[in-house]
Amino acid sequence: MSCCTSAPIVTQTCETLLSKCEVPIIDLAHMGTERSPQKGVVKQVATKLVRALSEKGLALLVNHGIPECKLKAAYRALDEFSELSEETKSKYERDPSTNHGYVKPGMEKFSDEEEIRHAYNITGYKGALPQDEVPGFKPAVEELARDFKQLSAMLLTALAVGLEQSPDFLLTKHAHMLGTGNETTLRLLYYPPLGAPVPGVTRCGAHSDYGTFTLLAQDCEGGLEIQTPRGDQWRRVGHLPGAILVNTGTILAKWTNDQFPALRHRVVVPEHCGRGRHSIAFFVHPNNDIPIEPLDIKIVKANQESAPCRLQKKKRGVLTAYHHLQRRFRETYAS
Ligand SMILES: O=C(O)CCC(=O)C(=O)O
Ligand SMILES: [Fe+2]
């Protein structure tokens, strides 16, 4: 596996949101667990989370409880899988009916450019994992999926508290994360090294995520950029070792009437010879039957009056979480 310690260090001269102190950093230490949350700490996190997601659309989480060694084990597992023959990999290809499985380079496109990445989606539909070919794959992804699910449950609790709802207001909408009837997905990503930028080739085209929120762990290769809310600029996010990024997805944006914007983001090829990028995304989705329409909540922003969310009358033809997602998949997957 390419690793941050063995390759020459390229001095990063470019500014990032992180280097300009423009990404909120939220410390999750001592939040407790889903069963015994530390209410005072949850409240503090809740305030910071609502502020970060409403003002910036993203935050970096530290002391989140997911150890780096588990992330590295999953990075390694996908590296090993990517090196298998095309014929072997094709046995594990993504099943469009469950979204589970391997997505080879070129299969999923967010832009007109060629997008070179290997992805392995792990959903709650108990699809195949390459146990025989890569023995470390299953334990690595099972442990990580459990950890990401726990972290997401704590964040959903904090978010509900921050929105002045009962602590389980959002959790109940996500009751079946990684079970049937819920499209929450753990996704391992590997972008092989390209040497230098190649015209017409990118790593991941611009898009916003489809779910409630996404948690993203990444190695030190860099390349992740977000579009500023006015849409006029792309900014590098930067890398804070050990931190996990949280960003709003389009479902949370719809629930909050865009008061939590779903940031568009992309991954570009580094200007200097890169070593390959690894990242792990955990896409948090509500249960399939949950309607996606503005929620009846008020969002209290610092120094502003609370804004009512339900600005429109209930419309006919409201999509459920499931139909919302299928519509987005049709836009991005080659058939
Ligand atoms: O690799 C990354 O850092 C981003 C991946 C991503 O945005 C996605 O899969 O939705
Ligand atoms: Fe994304």
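Counting starts at 1 for both ligands and their atoms, in listed order. What you are looking at is a predicted structure, and each value in this text was computed from that prediction instead of being measured.
A side-chain donor from one of H278 and D79 sits under 3.5 Å from a side-chain acceptor of the other. With 3.5 Å as the limit, one finds a donor-acceptor pair spanning the side chains of H207 and H265.
Counting protein heavy atoms only, atom 10 (O) of ligand 1 is closest to H207 NE2, 3.0 Å.
Heavy-atom distances between R277 and ligand 1 reach below 4.0 Å in at least one pair. Contact analysis leaves R266 out of contact with ligand 1, as no non-hydrogen atom separation drops below 4.0 angstrom. Ligand 1 lies within reach of R187, whose nearest heavy atom is under 4.0 Å from it.
More than 12 heavy atoms of other residues, nucleotides or ligands lie within 6.0 Å of CD in Q233, so this atom counts as buried by the packing criterion.
Proximity of Q218 to ligand 1, defined as any heavy-atom pair under 4.0 Å, is not found for any part of the residue. If you look at S279 next to ligand 1, the close heavy atoms, those under 4.0 Å, all belong to the side chain.
Note on ring orientation: taking the six-membered ring where Trp is involved, the planes of Y92 and F81 are perpendicular (angle over 60°, cut-offs 30° and 60°). Ring geometry for Y210 against F329 counts as perpendicular: the plane angle is over 60°, on a 0 to 90° scale with 30° as the lower cut.
The atom name of the N/O/S atom in D209 closest to the Fe ion (ligand 2) is OD1. H207 contributes NE2 as its N, O or S atom closest to the Fe ion (ligand 2).
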**Verdict with reasoning, Y125 to E183, per side chain to side chain donor-acceptor pair (under 3.5 Å)** = CA-CA 9 Å; Y125 294 96; E183 305 305 312; 2.6 Å; yes

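Inclusion of C204 in the first shell of the Fe ion (ligand 2) is not supported: no N, O or S atom falls under 2.8 Å.
The only member of N287, T212, T184 that meets side-chain hydrogen bond (donor to acceptor under 3.5 Å, both in side chains) when paired with H174 is T212.
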